[in-house]
Amino acid sequence: MLKIDKAILDTNSVICDNISQLGVADRGLLSQNILGQIRNFVEYVAIKVCSNGGDVDPNDYNLNVESLKKVQRRGDLQFLYRFHKMLQKSVSHYTLNKDGSERLMLKYYEHLLKIKLYLKKYFNLEVLENISDFPIDTDAELSNYFEKIAEKIENPSTDSYPVTYNDRYYVRKVKPFFVNQEIYYEITFTAANSNASKFDRVIAFTKQEIVDNYAVKFSLHNDTIRILDKNMSILVIDGYEVSIRPCEWGIIYLKFLDQE
């Protein structure tokens, strides 16, 4: 076994053992224990994806720094770079109390699941096997609601129908939810015009990670779920494209100049 693989799996084992032993008994302590391992875990993964299959030293500091730089430059690994950047700010230099640790774990759960899916897809490496046992959601009715939505995202009803809007929208909020160790998103958006107010917000659901920097156009369809013995209409986002408004180009140019 490659040394870097062993480092990933050893760290993973500590995380999974904590989930198995603590579970819902003490989510605060469980969160503290996991947060103590996450930064090493993320850095080992960065080294793994940049090592081109070499048997590298997982604890080589210079290799660690270089791997994180490479990750930053790769669009498909931006999620890993952003996660590491968050960890540097939140857990690297001090110990959080239980409440703070819980809040961070609920925030970081999405990123851990992305790592799990990435390592399985590209390296056939199984990690975070029991991450679904982390007590992220204790509301059974809410879980059932999201499960039904996820089912319609994966398998639309035969009587679902496309929505023919062709407007631009601004994404106001992106809220992830998790079903069967898959990531889905609840998207809140408004029309991209000066007349839109907070009361004009629309909610839709998707499996796609949607950018919220600029105006977008959606491909949507309408579907129905059965919840609490009633039919409920939902919107599902099948696809999207960035559709920058002419008035936004000046702002983008100024942002570009600031980065130079």
Side-chain angles (χ1 to χ4, degrees), residues 75-76 78-79 81-83 85-86 89-90 103-104 106-111 113-114 117 136-137 139 141-157 159-179 182-228 230-259:
D76 62 325
Q78 278 297 299
F79 76 93
Y81 172 72
R82 289 195 298 267
F83 190 20
K85 194 172 181 179
M86 285 191 289
K89 294 179 180 178
S90 59
R103 287 193 295 270
L104 283 178
L106 295 175
K107 179 180 179 181
Y108 292 165
Y109 187 93
E110 175 189 0
H111 303 281
L113 200 49
K114 285 181 179 179
L117 297 173
I136 191 169
D137 187 10
D139 189 327
E141 289 187 359
L142 187 61
S143 295
N144 184 46
Y145 168 70
F146 283 133
E147 285 171 6
K148 290 180 180 295
I149 290 173
E151 181 181 349
K152 296 301 181 181
I153 293 173
E154 298 290 353
N155 301 293
S157 304
D159 56 353
S160 65
Y161 57 90
V163 178
T164 56
Y165 301 144
N166 193 35
D167 298 327
R168 291 187 179 96
Y169 301 101
Y170 284 136
V171 175
R172 301 300 184 184
K173 185 178 180 181
V174 178
K175 178 184 176 183
F177 62 95
F178 314 99
V179 177
E182 296 285 347
I183 307 170
Y184 302 89
Y185 299 94
E186 178 185 283
I187 308 295
T188 303
F189 59 93
T190 58
N193 60 57
S194 57
N195 297 321
S197 74
K198 65 180 180 181
F199 302 107
D200 299 320
R201 297 189 174 193
V202 181
I203 292 177
F205 304 92
T206 185
K207 198 173 184 179
Q208 300 189 40
E209 188 172 4
I210 295 175
V211 299
D212 58 2
N213 308 80
Y214 308 109
V216 296
K217 287 187 176 182
F218 290 135
S219 170
L220 298 154
H221 76 263
N222 197 294
D223 212 324
T224 304
I225 61 172
R226 186 77 175 172
I227 195 81
L228 297 176
K230 294 182 180 180
N231 289 330
M232 177 179 174
S233 179
I234 62 169
L235 281 175
V236 176
I237 299 170
D238 302 308
Y240 80 100
E241 62 180 18
V242 174
S243 182
I244 299 172
R245 298 172 68 197
C247 63
E248 294 174 331
W249 281 110
I251 298 173
I252 294 171
Y253 180 67
L254 290 175
K255 287 182 178 179
F256 173 79
L257 292 179
D258 287 340
Q259 294 174 356

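For the salt bridge (Lys or Arg N to Asp or Glu O under 4.0 Å) test with Lys207, the passing option among Glu182, Glu151, Glu186 is Glu182; the others fail. For the ring pair (Phe, Tyr, Trp, His ring centres under 6.0 Å) with Phe178, the qualifying choice from Tyr185, Tyr109, Tyr184, Phe146 is Tyr109, the only one to do so.
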Checklist entry - So Leu235 and Phe218, side chain to side chain contact (heavy atoms under 4.5 Å, CB included) or not? Walk me through it. => result CA-CA 11 Å; Leu235 281 175; Phe218 290 135; over 6 Å; no
Next on the checklist: side chain to side chain contact (heavy atoms under 4.5 Å, CB included) for Tyr145 and Ile225? Distances and angles first, verdict last.
Outcome noted: CA-CA 9 Å; Tyr145 168 70; Ile225 61 172; 4.0 Å; yes
Next on the checklist: Go through it in stages, so that I can follow the logic: the residues are Ile237 and Gln208, the test is side chain to side chain contact (heavy atoms under 4.5 Å, CB included), and I'd like the CA-CA distance, side-chain angles, deciding distance and then a yes or no.
Outcome noted: CA-CA 8 Å; Ile237 299 170; Gln208 300 189 40; 5.5 Å; no
Item to check | Steps toward side chain to side chain contact (heavy atoms under 4.5 Å, CB included) verdict (Ile210, Val174) | outcome: CA-CA 8 Å; Ile210 295 175; Val174 178; 5.5 Å; no
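Distance check, rounded to the nearest 0.5 Å: CG of Asn222 to CD1 of Ile234 gives 8.0 Å. Arg201 CZ to Ile187 CD1: the interatomic distance, rounded to the nearest 0.5 Å, is 13.0 Å. In this structure, CD on Gln78 lies 9.5 Å from NZ on Lys85, to the nearest 0.5 angstrom. The distance from atom NZ of Lys107 to atom CZ of Phe83, rounded to the nearest 0.5 Å, is 10.0 Å. Put simply, CE on Met86 and CG on Leu104 are 9.5 Å apart, with the number rounded to the nearest 0.5 Å.
The environment of Lys173 atom NZ is sparse: at most 12 non-hydrogen atoms of other residues, nucleotides or ligands sit within 6.0 angstrom.
If you check the side chains of Thr190 and Arg172, you find a donor sitting under 3.5 Å from an acceptor. Side-chain atoms of Ser157 and Asp223 form a donor-acceptor pair, as typed in the model, at a separation below 3.5 Å.
Contact detail for Leu113 and Ile183: the closest heavy-atom pair is CD2-CG1, 3.6 Å. Scanning both residues, Leu220 and Asp238, for their nearest heavy atoms gives C-OD2, 3.8 Å. Counting all heavy atoms, side chain and backbone alike, Pro176 lies closest to Glu110 at CG-OE1, 3.5 Å.
Taking 4.5 Å as the limit, every side-chain heavy atom of Lys148 sits out of range of all side-chain heavy atoms of Met232. Looking only at side-chain heavy atoms (C-beta outward), Glu209 and Phe79 stay at 4.5 Å or farther from each other.
Aromatic ring orientation, Phe205 versus Phe177: perpendicular (interplanar angle above 60°, classes split at 30° and 60°).
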